[in-house]
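Working notes, structure below.
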Amino acid sequence: MAINWFPGHMHKARKEIKQVMPQMDLIIEVVDARIPFSSENPLVPALRGETPLIKVLNKRDLADPAITEQWRAWLEKERGVRAITLTHNQRNEALSILKLAEDMTPDHDRQKSALRVMILGIPNVGKSTLINTLAGRPAAKTGNEPAVTKAQQAIKLPNNILLYDTPGFLWPKLSPEACGYRLAVTGAIRSAVLDFEDVAMFEAEYLLEAYPELVRARYGFEELPKDALALMDGIAAKRRFFGRGGIPDLHKVSEVLLNEFRAGTLGRISLETPEMVEREAREAAAAEAEKAAREEVDGKKKGPRKGRGSSR
């Protein structure tokens, strides 16, 4: 299933951000520590130019700590980027962002003008909660559903910093396809547009491959199921999730798998690594090159099209 979600207000937000971005002194992008690549908006590098960027890997407490450290180092390879990790209940760590913002803009005189900072983040990544922490007051609406913020707003922060909040937005096509699934697993895409069983099957397959011992411990398997469907059937049996005729209720199993992952009940899990996304990028590039070559060959086979007035 190809997952896409691009409501109208997100299209509007992208246009507004493109207009305002050149006026900013610094950008903060909040990403999900469990999926730093998939939750990163690919439009940001093109829009920011040389503007300094702080990458905030939020929800650190839910992610695999070793993989999170790999991501922090990987992200800082990009020029003008600093990466930090956060968890929602560490206020002092969050406030260190303000000091980092000052360090990254040494030439800006805040006695003369406010430091203009734009904060970006895809839906449900914790951006609004971070804003409220930085502001020390309820300045942004929060909620456990994606797309709570609908319009831009400017928020005054200490040390003459003006923070521009923006609506969380995704991009028109979630590519590669696995990115869409990872976003769906973490809750960045509204449940109403998802096939729960399809998304949970993706999660189950990954868990068996990357975190088999966490699966075994959480669901009490003596022997690991052989594949994703067997895992879901096994959870149905363990939790007694059956429909009519004793058929496993895979929808209920799907809800359990997704909710327990999102809550951290399964353990600290990351859904992607730098090595994984680099491999996917190579595979995607190879597939595009192969597609282009096929289209070129097909074009030569068909030959030039004859005009209406040409003879047959």
Go through the side-chain N and O atoms of [X] and [Y] and say whether any donor and acceptor fall under 3.5 Å apart.
X	Y	answer
Asp32	Ser39	no
Asn159	Glu102	yes
Tyr219	Glu260	yes
Gln70	Thr273	no
Trp74	Glu278	yes

Q) salt bridge (Lys or Arg N to Asp or Glu O under 4.0 Å) between Arg182 and Glu280: does it pass, once the steps are laid out? A) CA-CA 14 Å; Arg182 291 171 194 144; Glu280 288 176 350; 2.4 Å; yes
- Query: With under 30° as parallel and over 60° as perpendicular, where do the rings of His251 and Phe196 fit, or are they tilted in between?
  - Reply: parallel
For this session: Might you work through the side chain to side chain contact (heavy atoms under 4.5 Å, CB included) test for Leu134 and Ile161, ending with a clear yes or no?
Result: CA-CA 11 Å; Leu134 295 176; Ile161 296 175; over 6 Å; no
Nearest heavy atoms of [X] and [Y], plus distance in Å:
X	Y	value
Arg91	Thr133	CG-CG2, 3.7 Å
Ile35	Glu272	C-OE2, 2.9 Å
Ala204	Met232	CB-CG, 4.4 Å
Ala184	Arg262	O-NH2, 2.7 Å
Met276	Leu271	SD-O, 3.8 Å
Ala83	Arg72	O-CG, 3.5 Å

Value for CD1 (Ile122) from OG (Ser38), rounded to nearest 0.5 Å, stands at 8.5 Å
OG of Ser270 to CZ of Arg34, rounded to nearest 0.5 Å, is 9.0 Å
Quick check: do [X] and [Y] have side-chain heavy atoms less than 4.5 Å from each other?
X	Y	answer
Glu69	Leu57	no
Asn124	Ile189	no
Leu214	Ile269	yes
Arg82	Lys55	no
Val20	Met118	yes
Phe202	Leu207	no
Leu115	Leu162	no
Glu40	Leu120	no

Under a 4.0 Å N-O cut-off, is there an ion pair linking [X] with [Y]?
X	Y	value
Lys291	Glu288	no
Lys127	Asp165	yes
Glu290	Arg294	yes
Asp25	Arg116	yes
Arg48	Glu78	yes

Under the 3.5 angstrom rule, does the side chain of [X] hit a backbone N or O of [Y] as a donor-acceptor pair?
X	Y	result
Arg60	Thr85	yes
Lys59	Gly126	no
Asp249	Phe241	no

Q.
Let's go through Thr87 and Asp61 carefully: what are the C-alpha distance in whole Å and the side-chain angles of both, what is the deciding distance for side-chain hydrogen bond (donor to acceptor under 3.5 Å, both in side chains) to 0.1 Å, and is it a yes or a no?
A. CA-CA 6 Å; Thr87 183; Asp61 52 314; 2.7 Å; yes
* Can Lys252 and Glu255 be said to form a salt bridge (Lys or Arg N to Asp or Glu O under 4.0 Å), step by step? -> CA-CA 5 Å; Lys252 189 170 287 188; Glu255 289 181 333; over 6 Å; no
